[in-house]
Amino acid sequence: MTSATNETSTYDFKTIEATWLPKWDELEVFKPADDGTAERRYVLDMFPYPSGDLHMGHAEAFAMGDVVARYWKLKGFDVMHPIGWDSFGLPAENAAIKRDAHPAEWTYKNIDTQAASFKRYAISADWSRRLHTSDPEYYRWTQWLFARFYEKGLAYRKDHPVNWCPKDQTVLANEQVVNGACERCGTAVTKKSLNQWYFKITEYADRLLEDMEQLKGHWPERVLLMQKNWIGRSEGAEVEFAIEATENKPGKTIPVFTTRPDTLYGATFMVVAADAALADELVTDEHRQALSDYQEQVKALSEIERQSTEREKTGVFTGRYGINPLSGEKLPIWAADYVLADYGTGAIMAVPAHDQRDLDFARTFDLPVRVVVDTGEENPGESGVATSGEGTLVNSGELNGLNKAEAIAKAIEIIEAAGTGKHTVNFRLRDWLLSRQRFWGTPIPIIHCVDCGEVPVPDDQLPVRLPDNLRGEQLAPKGTSPLAAAEDWVNVPCPRCAKPAKRDTDTMDTFVDSSWYFLRFTSPNYTEGPFDPKAVRDWMPVGQYVGGVEHAILHLLYARFFTKVIHDLGLIDATEPFSALLNQGQVLNGGKAMSKSLGNGVDLGEQLDKFGVDAVRLTMVFASPPEDDVDWADVSPAGSQKFLARAWRIAQDVASAPGVDYSTGDKALRQVIHRTVNESAQLLDSGKFNVVIAKTMELVNATRKTIDSGAGAADPAVREAAGVTAQLLSLFAPYTAEDMWAQLGYEASVATSAWPEVDESLLVDDTITAVVQVKGKVRARFEVSVDISEEELRELALADANVVRLLDGKDPLKVIVRAPKLVNVVPAP
RNA sequence: GCCCAAGUGGCGGAAUUGGUAGACGCGCCGCACUCAAAAUGCGGUUUCGAAAGAAGUGUGGGUUCGAGUCCCACCUUGGGCACCA
């Protein structure tokens with residue numbers, strides 16, 4: 001028994017926290033047995049970035065994950081709930097430049113701070129599995145995986161105009177460009193052509209889409225939808241258009257993608273993306289100057305302007321013509337910015353009658369509009385409104401008279417037979433640009449040799465360690481990766497021919513590190529490979545993944561992609577990493593996300609000092625359903641603290657000894673206990689954690705009543721209630737729960753106790769309140785036996801004084817009886 | 001513009017999935033204990049009404065004996081995508 005609790009003490013969270021924190025560490029409560037005697041369950045919180053100490057957002061997210069981990073443990077599963085850090089990344093580099101230090105110093109100092117805070121916050125983590133993506137023992141295997149991707153042809157380099165942030169001197173992925181500005185610093189983004197590493201995620205587009213079927217019902221609907229939109233599958237045809245030769249330019253064919261091959265006869269011109277290489281290739285000398293002027297004009301536009309659909313269509317004629325493969329018609333080819341270089345083939349056939357953008361363009365440049373689908377609407381050439389709906393094909397040769405669907409099929413059949421096109425599927429998803437001209441990331445394990453080209457660093461020479469002699473200003477980006485400055489690091493012999501060669505100086509996007517960490521957690525100290533295959537088989541997939549919705553697309557998509565590639569490499573069985581996903585909401589203050597500029601931040605440490613860990617955690621969970629935002633201004637950690645003290649006093653008051661026979665206890669209280677346990681399990685299984693707390697409060701209220709004005713503190717049911725309360729509370733308020741458990745005379749830890757068995761006989765009542773409605777409004781209620789017959793209940797209802805009064809002597813038109821709960825009387829009109 | 005969620009007391013939120021709307025908590029009001037206060041315990045608290053009663057889940061319609069829950073239209077808020085061929 002602990003000295004923290006005795007008869008006369010009052011609830012003091014500081015003493016309780018100080019008592020139990022070291023004990024749990026000692027007991028290693030949350031280390032999984034990993035011996036196969038119990039079903040394994042893997043609970044994972046998205047690992048944190050060590051940006052400083054933990055904040056309110058972490059407090060919420062980890063409180064949610066902990067509920068699941070602790071609940072599953074009570075339910076008897078062998079739970080693995082690991083913790084680690086996503087510790088590569090830009091902030092560490094910026095801090096190092098500012099402080100003339102190495103990024104590792106800042107990073108690992110923050111990790112230590114956060115680790116201490118996590119312990120204080122009583123996360124049920126297995127600390128023996130701790131990992132950091134910036135440790136060479138970790139990134140060795142990130143590099144090893146890169147090498148496997150490279151061998152499979154899934155990692156490749158290409159020259160590509162990339163988004164370039166002039167301030168950060170770095171390339172940005174499309175998704176890091178927010179409204180034309182750099183996600184980090186807000187500087188307007190320009191374009192620059194660079195040789196970049198990519199992962200071929202597009203090769204997995206179909207599978208990423210199809211396998212979402214397995215996730216339905218276990219992932220939030222909106223996340224699946226966002227992924228689906230992001231992948232952006234569209235079905236159509238790729239059609240080859242022959243381009244006429246000119247005096248000094250040969251002919252060629254260019255493919256275009258269309259979702260509407262049925263409208264081929266309506267194509268009256270073609271458009272290529274003005275910023276695509278194709279435009280420069282096609283343009284005739286006569287029009288070259290106009291095109292390059294136009295290209296300058298396009299470059300000068302901000303992304304926001306370019307994105308505006310309100311804008312007038314612009315473009316220039318290239319001087320070239322394509323041949324419509326169906327009609328043989330000669331179509332002028334224009335270059336414009338409304339066609340995107342990186343979607344489809346960067347060129348389109350324009351059907352102004354049935355596509356609004358094409359129509360706007362045609363009207364601006366006075367190009368012909370030909371209706372080929374009669375939809376019964378006004379002629380688009382006159383109305384200015386393109387008709388894109390269903391209709392009957394006209395002016396379309398062999399397609400005439402068909403409907404849209406038939407015409408699409410027929411058109412594909414014709415072009416396939418003629419060898420001028422084929423049915424195809426196009427995706428919005430683009431390959432994953434993974435190289436970064438940054439220091440603090442996983443070095444790309446490639447050596448460039450003049451003779452041998454790209455040579456992967458042999459596996460036995462991994463990891464390619466980051467140099468540790470660069471500091472401060474040396475890390476600042478100067479248009480190339482800072483690693484280029486470390487000459488002794490860069491210059492190495494070629495692993496193949498031993499001639500002088502150079503290391504690739506780019507590092508990997510940190511999303512690469514986080515795309516496989518869940519696998520490493522299964523065997524974090526394994527040295528023969530990225531993970532122990534047996535451990536992965538035992539633990540994967542993650543049974544519950546918890547994190548913010550801000551990762552709905554990128555991180556989750558990349559992690560799914562990695563899992564599929566690693567599966568295809570034959571290294572794991574799983575094809576999906578996370579079988580269930582929970583997106584917790586944000587913590588707001590005053591209706592807005594906490595931010596420095598708004599000055600509405602709430603310091604987690606201060607809250608913990610003031611109210612205690614348990615009260616803060618309880619408040620986070622009780623405030624709303626897990627996926628909803630919590631507005632800290634609307635909730636009451638003081639109220640939570642009050643409730644915890646109230647619950648804690650119940651355990652203090654228990655006057656029976658451990659081991660008493662509960663079955664002799666007060667029946668009314670026992671019914672509340674067993675109903676609470678029963679309902680709580682269902683609520684926890686369906687993620688309604690906030691309601692579980694409400695039910696626990698009701699149990700505490702009922703127990704208080706039993707002690708003060710019922711069977712009294714010595715009744716066995718009171719002990720049973722206190723024990724169950726401690727167990728339920730252990731999910732949300734582990735310190736208080738543990739202290740109650742000890743006060744009750746049980747051995748630590750309540751976290752390893754067994755979920756209480758429900759006595760089914762206590763769930764059923766002898767009587768129930770039946771309600772009588774008249775015209776759907778409740779007019780009477782009375783206690784009836786649960787097995788009352790429909791006939792009896794009907795009679796009772798019709799005899800009720802209030803019902804008689806409302807019927808006013810008339811016979812009811814209809815009486816619906818749902819024994820034993822409800823009668824609805826419909827009076828005659 | 002397109003797609004998707006969600007709208008319930010002064011506030012955060014419940015509602016067995018078509019069957020007692022407002023559980024639980026915050027706040028507020030009152031009572032007990034106290035010289036007093038704090039703490040604690042108990043009670044009240046959707047609105048109108050003295051009461052009987054009536055109204056009530058964003059708005060308008062519909063289905064049904066019965067709708068917060070299902071259907072249609074609209075409004076508002078939040079999120080995602082956006083010249084995607």
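We name chains A, B, ... by the order of the sequence lines, and we start the count at 1 in each one.
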Review point. Does the side-chain hydrogen bond (donor to acceptor under 3.5 Å, both in side chains) test come out yes or no for A:Tyr338 and A:Asp358, once each step is laid out?
Key: CA-CA 9 Å; A:Tyr338 84 94; A:Asp358 295 345; 2.7 Å; yes
Assign [X] to base, sugar-phosphate, or nothing according to its heavy-atom contacts below 4.0 angstrom with the strands shown.
{"X": "A:Asn229", "value": "nothing"}
{"X": "A:Arg222", "value": "nothing"}
{"X": "A:Arg779", "value": "sugar-phosphate"}

Nearest-Å distance once atom [atom1] is located in both [N] and [M]:
{"N": "B:C29", "M": "B:U34", "atom1": "P", "answer": "23 Å"}
{"N": "B:G10", "M": "B:C4", "atom1": "C1'", "answer": "31 Å"}
{"N": "B:G58", "M": "B:A14", "atom1": "P", "answer": "15 Å"}
{"N": "B:G80", "M": "B:G44", "atom1": "C1'", "answer": "46 Å"}
{"N": "B:U63", "M": "B:C81", "atom1": "P", "answer": "41 Å"}
{"N": "B:G25", "M": "B:C42", "atom1": "P", "answer": "10 Å"}
{"N": "B:U8", "M": "B:G68", "atom1": "P", "answer": "15 Å"}

Point to revise | A:Lys313 NZ/CZ over A:Phe365 ring centroid, <6.0 Å and within 45° of normal | key: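 So A:Lys313 doesn't make the cation-pi contact.
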Check your understanding: Where does B:G66 land, syn or anti, given syn is within 90° of 0?
Key ->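 With its glycosidic angle more than 90° from zero, B:G66 counts as anti.
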**Study point:** In B:U63, glycosidic geometry as syn within 90° of 0 or anti otherwise
**Key:**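 Anti conformation for B:U63.
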Check your understanding: Between A:Phe643 and A:Phe622, does the ring centroid distance fall short of 6.0 Å?
Key ->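 Distance test on ring centres: not under 6.0 Å, no.
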Nucleotide nearest [X] when distance is taken to its side chain, options [options]:
{"X": "A:Ala694", "options": "B:C3, B:A23, B:G12", "value": "B:A23"}
{"X": "A:Arg818", "options": "B:U20, B:A15, B:C65", "value": "B:C65"}
{"X": "A:Arg781", "options": "B:G25, B:G19, B:U20", "value": "B:U20"}
{"X": "A:Ser636", "options": "B:G25, B:A85, B:C26", "value": "B:C26"}
{"X": "A:Arg649", "options": "B:G53, B:U40, B:A85", "value": "B:U40"}
{"X": "A:Val778", "options": "B:A21, B:G19, B:C83", "value": "B:A21"}
{"X": "A:Lys821", "options": "B:U16, B:G53, B:U20", "value": "B:U16"}

Rounded to whole angstroms, how far apart are [atom1] on [X] and [atom2] on [N]?
{"X": "A:Asp262", "N": "B:A85", "atom1": "CG", "atom2": "C1'", "answer": "13 Å"}
{"X": "A:Met226", "N": "B:A82", "atom1": "CE", "atom2": "P", "answer": "11 Å"}
{"X": "A:Phe427", "N": "B:C84", "atom1": "CZ", "atom2": "P", "answer": "18 Å"}
{"X": "A:Ile231", "N": "B:C81", "atom1": "CD1", "atom2": "P", "answer": "14 Å"}
{"X": "A:Tyr343", "N": "B:C84", "atom1": "OH", "atom2": "C1'", "answer": "4 Å"}
{"X": "A:Ile650", "N": "B:G41", "atom1": "CD1", "atom2": "P", "answer": "9 Å"}
{"X": "A:Asp355", "N": "B:C2", "atom1": "CG", "atom2": "P", "answer": "16 Å"}
{"X": "A:Glu221", "N": "B:C4", "atom1": "CD", "atom2": "P", "answer": "11 Å"}

Practice item. Ignoring hydrogens and angles, state whether a donor on the side chain of A:His423 or A:Glu235 is under 3.5 Å from an acceptor on the partner side chain. Key: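 Side-chain D/A pair, A:His423 to A:Glu235: present.
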Exercise for review: Can you tell me which stems involve RNA chain B, if a stem is defined as three or more consecutive Watson-Crick or G-U wobble pairs, both distances under 3.5 Å?
Suggested key: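 RNA chain B forms these stems: B:1-7 with B:75-81, B:10-12 with B:24-26, B:27-32 with B:40-45, B:46-48 with B:53-55, B:58-62 with B:70-74.
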